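Notes to accompany the following structure.
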Amino acid sequence: MSFRQYDDETLAKVHEVNLAIYKDFADLCDRHGISYFGIAGTAIGALRHKGFIPWDDDIDIAMLRSDYEQFVKYAKEELSDKYYLMGPEFEHKYYNLKPHLVLKGTTFVTNEAWSAGYKPGFFLDLFIYDNIPEDAKELAKYHRQCKIYTVLWFAYHVHFEKLLSTQDSAAGKVKYLISFLLGSVLRLIPGSESWIWKRYDRLSKKYYGKTKRYSSLTDYGMTYMYVARDEMFPLVELPFENTTMKLIRENKKQVARHMGPDYMQLPPVEKRTNHYPRELDFGSFFEGQE
């Protein structure tokens with residue numbers, strides 16, 4: 001992930017499309033009693049800006065696995081005319097292990113997606129929050145195991161040789177060359193993609209229902225981005241642009257754990273991130289609007 005500034009008009013349109021996707025998602029979930037909550041930059045945006053972080057360009061939503069499974073069921077039944085689901089378990093794969101709700105007829109292609117040959121539309125990031133160990137040593141071991149499959153999946157799909165020019169440092173170029181070699185080997189092994197996904201999927205459910213702590217296993221920060229069960233409910237609603245965003249009850253504690261205690265302060269430009277796309281097309285989304 002890197003940072004590049006949008007012009008004001010384009011960023012406003014990006015926000016509008018993302019909000020529309022989120023509203024459709026939230027409507028479905030609310031109608032079926034499915035719980036979800038904003039995390040990461042979306043949670044900070046709700047707390048600090050009552051909406052998007054000014055330079056951000058996506059919405060990050062988390063769901064416990066049981067809620068996610070219900071969402072998938074109803075999304076396939078009720079949203080398939082307008083959206084498709086993208087992720088390792090779906091027809092539409094992606095270069096990371098997170099599932100996404102994608103708006104048809106639009107285009108939002110990051111450098112990584114371009115290198116992997118994917119051309120998705122605008123999407124909502126969905127983070128499945130799985131049970132994780134509460135013991136520190138056991139959690140560290142589990143984190144290492146999950147990270148292996150996350151890295152393998154990423155290396156299999158992203159063609160890092162196409163992205164070398166995006167790295168300014170020698171260390172970054174070496175890292176990308178190693179990832180390129182790993183991915184090249186994986187793509188030569190029949191069935192490796194399916195093997196990576198099945199092993200990760202089985203591992204992700206290892207602690208299902210056995211602990212009271214949850215985190216996104218696809219995130220490198222899973223050991224400190226966790227949420228405890230007694231911190232979650234009841235969820236609270238905060239203003240978010242022209243709608244509302246649900247956060248966990250102890251949302252300030254959650255965000256501080258993730259981003260540090262100074263999360264209400266704007267970071268310097270060099271520490272800002274977004275997903276500025278290589279290809280961007282709003283399709284017919286704004287047709288008919290004045």
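Start at 1 with the first residue, then count along the sequence. Since the model is a prediction, treat every value here as computed from it, not as a measurement.
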Could you walk me through whether Glu69 and Arg65 satisfy the side chain to side chain contact (heavy atoms under 4.5 Å, CB included) test, starting with their C-alpha distance in whole Å, then the side-chain angles of each, then the deciding distance to 0.1 Å, before giving a yes or no?
CA-CA 6 Å; Glu69 291 173 351; Arg65 179 167 291 277; 3.6 Å; yes
How far apart are the C-alpha atoms of Phe180 and His159, what are their side-chain angles, what is the distance that settles it, and do they pass the ring pair (Phe, Tyr, Trp, His ring centres under 6.0 Å) test?
CA-CA 6 Å; Phe180 157 64; His159 286 254; 8.1 Å; no
Start with the C-alpha distance between Glu279 and Phe108, add both sets of side-chain angles, then the distance that settles side chain to side chain contact (heavy atoms under 4.5 Å, CB included), and finish with yes or no.
CA-CA 6 Å; Glu279 297 181 44; Phe108 192 94; over 6 Å; no
Using side chain to side chain donor-acceptor pair (under 3.5 Å), reason through Arg257 and Tyr224 one step at a time and then give a plain yes or no.
CA-CA 6 Å; Arg257 185 184 294 141; Tyr224 57 85; over 6 Å; no
Verdict with supporting geometry, Gln70 and Ile34, side chain to side chain contact (heavy atoms under 4.5 Å, CB included)
CA-CA 7 Å; Gln70 286 296 301; Ile34 299 170; 3.9 Å; yes
Assess the residue pair Lys205 and Asp130 against the criterion (salt bridge (charged side-chain N to carboxylate O under 4.0 Å, His left out)); give the C-alpha distance rounded to whole Å, side-chain angles, the decisive distance to 0.1 Å, and a yes or no.
CA-CA 7 Å; Lys205 299 168 185 173; Asp130 283 300; over 6 Å; no
Could you go through the side chain to side chain donor-acceptor pair (under 3.5 Å) check for Thr211 and Arg229 one step at a time?
CA-CA 9 Å; Thr211 73; Arg229 182 80 184 185; over 6 Å; no
Go through the steps for Lys23 and Asp27 under the test salt bridge (charged side-chain N to carboxylate O under 4.0 Å, His left out), then give the verdict.
CA-CA 6 Å; Lys23 287 177 182 178; Asp27 174 69; over 6 Å; no
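Ring geometry for Phe160 against Phe154 counts as tilted: the plane angle lies between 30° and 60°, on a 0 to 90° scale. The aromatic rings of His15 and Phe52 lie parallel to each other, their planes meeting at an angle below 30°, with 60° marking the opposite boundary. A perpendicular orientation is assigned to the rings of Phe282 and Phe286, their planes being inclined by more than 60° (bins at 30° and 60°).
More than 12 non-hydrogen atoms from other residues, nucleotides or ligands lie less than 6.0 angstrom from NZ of Lys104. Taking a 6.0 Å sphere around CD of Glu77, one finds it holds more than 12 heavy atoms contributed by other residues, nucleotides or ligands. Asp8 CG: 12 or fewer foreign heavy atoms inside a 6.0 Å radius. Around NZ of Lys141, the count of heavy atoms belonging to other residues, nucleotides or ligands within 6.0 Å does not exceed 12. A 6.0 Å sphere centred on NZ of Lys252 holds no more than 12 heavy atoms belonging to other residues, nucleotides or ligands.
Ion pairing between Lys246 and Asp30 holds under the 4.0 Å rule for side-chain N and carboxylate O. A salt bridge is defined here as a Lys NZ or Arg NE, NH1 or NH2 lying under 4.0 Å from an Asp or Glu carboxylate O, and Glu134 with Lys212 fails to meet this definition. For Lys50 and Glu241, the salt-bridge test fails: no basic side-chain N is under 4.0 Å from an acidic carboxylate O.
Using a 4.5 Å heavy-atom cutoff, the side chains of Asp56 and Asp58 are in contact. Residues Lys98 and Leu126 are not in side-chain contact: their nearest non-hydrogen atoms beyond the backbone lie 4.5 Å or more apart. With a 4.5 Å cut-off on side-chain heavy atoms, Tyr68 and Tyr36 do not count as touching. Thr42 places none of its side-chain heavy atoms less than 4.5 Å from the side chain of Tyr22. The closest side-chain heavy-atom distance from Ser184 to Leu181 is not below 4.5 Å. With contacts defined as side-chain heavy-atom distances shorter than 4.5 Å, the pair Thr106/Leu103 qualifies. For the pair Tyr118 and Lys93, the minimum side-chain heavy-atom distance is below 4.5 Å. Put simply, the side chain of Val102 does not reach to within 4.5 Å of the side chain of Tyr83, judged on heavy atoms.
Between Asp57 and Tyr276, the side chains place no donor N or O within less than 3.5 Å of an acceptor N or O (distance only, hydrogens not considered). For the residue pair Tyr214/Glu231, the side-chain donor-acceptor check at 3.5 Å is not satisfied. Side chains of Asn18 and Lys13: a donor-acceptor N/O pair is absent below 3.5 angstrom, by distance only.
Closest approach of Asp67 and Gly33 over heavy atoms only: OD1-O, 4.5 Å. Contact detail for Pro88 and Asn96: the closest heavy-atom pair is CD-O, 4.2 Å. Shortest non-hydrogen contact noted between Gly45 and Phe240 is C-CE1, 4.4 Å. Minimum heavy-atom separation, Gln167 to Gly172: OE1-CA, 3.3 Å. Closest non-hydrogen pair, Glu89 versus Trp197, comes out as CB-CZ2, 3.6 Å. Here the shortest heavy-atom pairing between Ile21 and Phe123 reads CD1-N, 4.0 Å.
Remark: the backbone N or O of Glu112 is paired with a side-chain donor or acceptor of Ser115 at under 3.5 angstrom. When atom types are taken as modelled, the side chain of Arg187 and the backbone of Leu182 share no donor-acceptor pair closer than 3.5 angstrom. A donor-acceptor contact shorter than 3.5 Å is absent between the side chain of Asp219 and the backbone of Met222. Within the 3.5 Å criterion, the main-chain N or O of Pro267 finds a donor-acceptor partner in the side chain of Arg272. Of the possible donor and acceptor atoms, none in the side chain of Asn251 sits under 3.5 Å from a partner among the backbone N and O of Leu247. A donor-acceptor pair under 3.5 Å is absent between the side-chain atoms of Asp60 and the main chain of Asp125, judged by distance alone.
In the hydrophobic clustering of ILVMFWY residues, with side-chain heavy atoms under 4.5 Å counting as a link, Val227 and Leu47 come out apart.
Tyr226 has its ring centre no less than 6.0 Å from the ring centre of Tyr129. You'll find the ring centres of Phe90 and Tyr84 outside the 6.0 Å limit. A ring-centre distance under 6.0 Å is not found for Tyr95 and His157.
Remark: Lys162 qualifies as a cation-pi partner of Trp114 under the 6.0 Å distance and 45° angle criteria applied to the six-membered ring.
Residues forming a salt bridge (charged side-chain N to carboxylate O under 4.0 Å, His left out) with Lys73 (at least two apart in sequence, or on another chain): none.
Remark: of the listed residues Phe25, Phe71, Tyr74, Tyr74 is the sole one forming a ring-ring contact (aromatic ring centres under 6.0 Å, His included) with His32.
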